[in-house]
Amino acid sequence: MDKFALVLVIIGAFNWLLVGLFNYDLVASLFGGQAAFLSRTIYTLVGLAGIWSLSFLFRKGQQT
């Protein structure tokens, strides 16, 4: 689960990089716009992965 969450966080970070630098939302472009169900699902999964990844900050001595 940790690696899946990390992959989603990286995808989200890359998407935000594109938005910040080029005003281009790759997820929206690929899946039918920001309001499309699939885009919203991906945004939700990326957000949940980010929340899950917060747990990485509080783990002691474990490797993911």
Minimum-distance pair of heavy atoms, taken over all atoms of [X] and [Y]:
| X | Y | value |
| --- | --- | --- |
| R40 | Q34 | CG-O, 3.4 Å |
| S39 | F31 | OG-CB, 3.3 Å |
| G12 | V46 | CA-CG1, 3.7 Å |

Under a single-linkage definition using a 4.5 Å side-chain heavy-atom cutoff for Ile, Leu, Val, Met, Phe, Trp and Tyr, are [X] and [Y] assigned to the same hydrophobic cluster?
| X | Y | value |
| --- | --- | --- |
| L21 | L30 | yes |
| L18 | Y43 | yes |
| L17 | V19 | no |
| F22 | V27 | yes |
| L38 | Y24 | yes |

*Could you check L26 against F14 for side chain to side chain contact (heavy atoms under 4.5 Å, CB included), going step by step and ending with a plain yes or no?*
CA-CA 9 Å; L26 181 63; F14 181 70; 4.1 Å; yes
_Candidate pair W52 and D2, rule side chain to side chain contact (heavy atoms under 4.5 Å, CB included), full reasoning_ = CA-CA 8 Å; W52 178 273; D2 291 346; 2.8 Å; yes
*asked:* Evaluate D25 against N15 for side chain to side chain contact (heavy atoms under 4.5 Å, CB included), listing each step before the verdict.
replied: CA-CA 6 Å; D25 188 341; N15 194 57; 3.0 Å; yes
_Rounded distance [0.5 Å steps], CH2 in W16 versus CD1 in I11_ =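 Between atom CH2 of W16 and atom CD1 of I11 there are 15.5 Å.
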